[in-house]
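What follows is a short report on a single structure.
In what follows, every heavy atom counts, from backbone to side chain, and hydrogens, waters and symmetry copies are set aside.
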Amino acid sequence: MHLGAVGVGIDLRTGITTFGVLKGKVTEVIPEKKVKVRGIKLANWSQILEIATNAQITSKLGFVGVDIVLDEVRGPLVLEINARPGLSIQTTNRDSLRTRLERVANINVNTAEEGVELAQRLFGDETLSAVEVSDKVLGVIEKVTIYGENKRKVVRAKIDTGAYRTSIDVDLVSELELDKHHKLVHVRSGSGRQKRRTVWLDYSLKGKRIKTIATYTERSHLRFPVIIGRKDIKAFWWIQPKFPRVLP
């Protein structure tokens, strides 16, 4: 922030941004992108809070600042733990850090999940109290559970809004003994226009069970065995790598 980064306050309960500061002054937009700093919903917010809390527990320090980065492939990762974090966070959250620490000073917390729940309950933004908390925001990379005839498998999938239909690796079709479908569909890929076979696909994404018709092809040479198309993610918010989707 001292070098010119935008500091943005985030509501602990919902993961929605609330306030922005740039070089000590209030800012309503992110420079150059002209995106409003208020109202951006962060993906994987509960996971971010749990990672930060577990990092504090592991450090065995009473108060720390945990820097977390969002990797496009691996998701939230701990960058570093600061024993003496900067206090400018008070400006972005518009709340006294000392007051917050005093409120939790004598409370025993046994698990990271319990600590996250306590913080969200005590320090949630009142102006966002009516906002429903749900984990319907998709990152670029998500874990999905695919259900076969007699077994299931968890794999990493890429959310690809440029693709209409979900596509999976042919090896998964064989391994999980998925039922083939008679339909052939035309798709466009990096290698041109193709005609692909389809399969009945039953999988869960972010706790939501999805049953669909997916195409299958050879994907062993690619990073992700599954591509989730936009047909299957209508019930979700989604986050692009560079331009976050903003709440109304």
*Passes side-chain hydrogen bond (donor to acceptor under 3.5 Å, both in side chains), T198 versus T215? Steps please.*
CA-CA 4 Å; T198 56; T215 66; over 6 Å; no
*asked:* I need the minimum non-hydrogen distance between P225 and V155, along with the two atoms involved.
replied: CG-CB, 4.0 Å
*Shared ILVMFWY cluster between V64 and I51, side chains joined below 4.5 angstrom?*
yes
*Does V173 share a hydrophobic cluster with I227, counting links as ILVMFWY side-chain heavy atoms below 4.5 Å and allowing steps through other members?*
no
*Looking at I107 and L118, what are the two nearest heavy atoms and their distance?*
CG2-CD2, 3.8 Å
_Same cluster or not: I210 versus I168, using hydrophobic residues (I, L, V, M, F, W, Y) connected whenever any side-chain heavy atoms lie under 4.5 Å apart?_
yes
*asked:* Hydrophobic clusters here meaning ILVMFWY residues chained together by side-chain heavy-atom distances under 4.5 Å, can you tell me if L49 and L122 are in one?
replied: yes
*Is V35 reachable from M1 through a run of hydrophobic residues whose side-chain heavy atoms are each under 4.5 Å from the next?*
no
_Please tell me whether T212 and T166 have a donor and an acceptor in their side chains that are separated by less than 3.5 angstrom._
no
*Does anything in residues 161-182 pair up under salt bridge (charged side-chain N to carboxylate O under 4.0 Å, His left out), and if so which pairs, sequence neighbours excluded?*
K153-E175
*Near R197 CZ, under 6.0 Å, is it more than 12 heavy atoms from other residues, nucleotides or ligands?*
no
*R152 atom CZ, over 12 foreign heavy atoms within 6.0 Å*: no
_Closest approach of E218 to H221 (non-hydrogen atoms, all atoms of both residues)_ = O-CE1, 3.2 Å
